[in-house]
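Here is the structure we will look at.
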Amino acid sequence: MNFVLIAMIVLAVGAVVFALVRGLIAFANMEPDNVDSDGITASHKKQNEMMFARIKYQAIAVVFVIILLMLAGGQS
C-alpha cells in the first residue's frame with residue numbers, strides 16, 4: 001500500500017512541476033498585443049489556468065502525504 005501511495009505522490013509532484021513550467025513558459029512568451037474583448041491577454045489566461053492547476057495538484061500531493069503518514073504511524 002505504501003508503494004502505491006508513494007507512486008501517487010511522485011505523479012502528483014510531477015504534475016505540479018509540469019503546471020509550474022507551463023506557467024513560466026506562458027509568462028516568458030507574454031504578448032501584450034494578443035488581447036481579448038475583456039482586455040485580458042491570452043498569456044495571462046494561461047498563467048492563471050496553470051496557477052490553479054498547480055495549486056490543485058499540490059493539494060492532492062499533500063493529501064497523499066498525509067494519508068501515507070497516517071498509515072505509517074498506524075503500523076508502529
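By convention here, the first residue in the shown sequence is residue 1. Nothing here was measured: the structure is a model prediction, and the numbers come from that model.
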Spatial distance of atom [atom1] ([X]) from atom [atom2] ([Y]) [nearest 0.5 Å]:
X   : Y   : atom1 : atom2 : result
L24 : N29 : CG    : CG    : 11.0 Å
L11 : I60 : CG    : CD1   : 11.0 Å
M51 : E49 : CE    : CD    : 11.0 Å

Treat each ILVMFWY residue as a node, draw an edge where side-chain heavy atoms are under 4.5 Å apart, and state whether [X] and [Y] are in one component.
X   : Y   : value
L20 : F27 : no
V21 : F18 : no
L69 : F64 : yes
I6  : Y57 : yes
V4  : L68 : yes

Heavy-atom pair of closest approach, residues [X] and [Y]:
X   : Y   : value
I9  : A61 : CG1-O, 4.4 Å
V16 : Q58 : CG2-N, 3.5 Å
M50 : A19 : CB-O, 3.5 Å

Exercise. Quick one: does Q47's side chain get under 4.5 Å of M30's, heavy atoms only?
Worked result: yes
For this session: Check I67, V65, I66 against V63 for a side-chain contact (heavy atoms from CB on, under 4.5 Å) and give me the one that passes.
Result: I67
For this session: Evaluate side-chain contact (heavy atoms from CB on, under 4.5 Å) for K45 paired with I40, printing each intermediate quantity in order.
Result: CA-CA 7 Å; K45 285 184 182 179; I40 301 171; 3.9 Å; yes
